[in-house]
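Accompanying notes for the structure given below.
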Amino acid sequence: MEAPDNQPPLQEQIPVETQISASPSERSAGFFQDDDGSVSSLRMMCMVSLMGAIMFGLLTLYLSLKGINDGGNGIYFTLVSLIGAFAPKAIFKAV
């Protein structure tokens with residue numbers, strides 16, 4: 001059996017390379033990017049709040065070890081910063 005006139009014989013055919021295109025769910029997004037690849041300012045603000053909570057927590061711990069009493073305001077500010085770090089993303093996913 002011979003190849004049709006418009007196609008070369010089987011041994012001369014070149015294999016077709018497939019191109020893999022990643023769908024949005026298969027692509028890896030960056031640390032401050034959403035799943036669709038757009039930059040997320042909410043993630044950046046949550047990270048800044050988390051870093052602030054860590055900083056104020058360490059400062060409160062340092063001041064309490066030195067014997068300087070701040071009246072508990074450092075603990076409250078640390079807790080508010082922690083809530084600010086995790087609550088917005090949880091609320092955003094719930095809505």
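Source: prediction; values computed, not measured.
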Checklist entry - Which salt bridge (Lys or Arg N to Asp or Glu O under 4.0 Å) pairs, counting each pair once, include a residue from residues 71-87, with sequence neighbours left out? => result none
Checklist outcome for this item: Applied to residues 44-53, the salt bridge (Lys or Arg N to Asp or Glu O under 4.0 Å) test, sequence neighbours excluded, yields none
Checklist entry - Is there any salt bridge (Lys or Arg N to Asp or Glu O under 4.0 Å) pair reaching into residues 53-67, and which pairs are they, with sequence neighbours excluded? => result none
Next on the checklist: Tell me every residue that passes side-chain contact (heavy atoms from CB on, under 4.5 Å) with S38, counting only those two or more places apart in sequence or in another chain.
Outcome noted: D34, D36
Next on the checklist: Quick check for you: to the nearest 0.5 Å, what is the distance between N73 atom CG and L63 atom CG?
Outcome noted: 11.5 Å
Next on the checklist: According to side-chain contact (heavy atoms from CB on, under 4.5 Å), who are the partners of S81, at least two apart in sequence or on a separate chain?
Outcome noted: S49, A53, F56, F77
Next on the checklist: Nearest 0.5 angstrom please: T60 OG1 to I68 CD1, how far?
Outcome noted: 11.5 Å
Under 3.5 Å donor-acceptor pairs involving side-chain atoms of residues 84-95, not counting sequence neighbours:
none

Item to check | Same cluster (ILVMFWY, side-chain, under 4.5 Å), M44 and M47 | outcome: yes
Checklist entry - Taking ILVMFWY side chains as joined if any heavy atoms are under 4.5 angstrom apart, and letting links pass through other members, which residues group with I83? => result none
Next on the checklist: If hydrophobic clusters are built from ILVMFWY residues whose side chains come within less than 4.5 Å, do Y76 and L59 share one?
Outcome noted: no
Checklist outcome for this item: Interatomic distance, OG1@T78 vs CG@L82, rounded to 0.5 Å, equals 7.0 Å
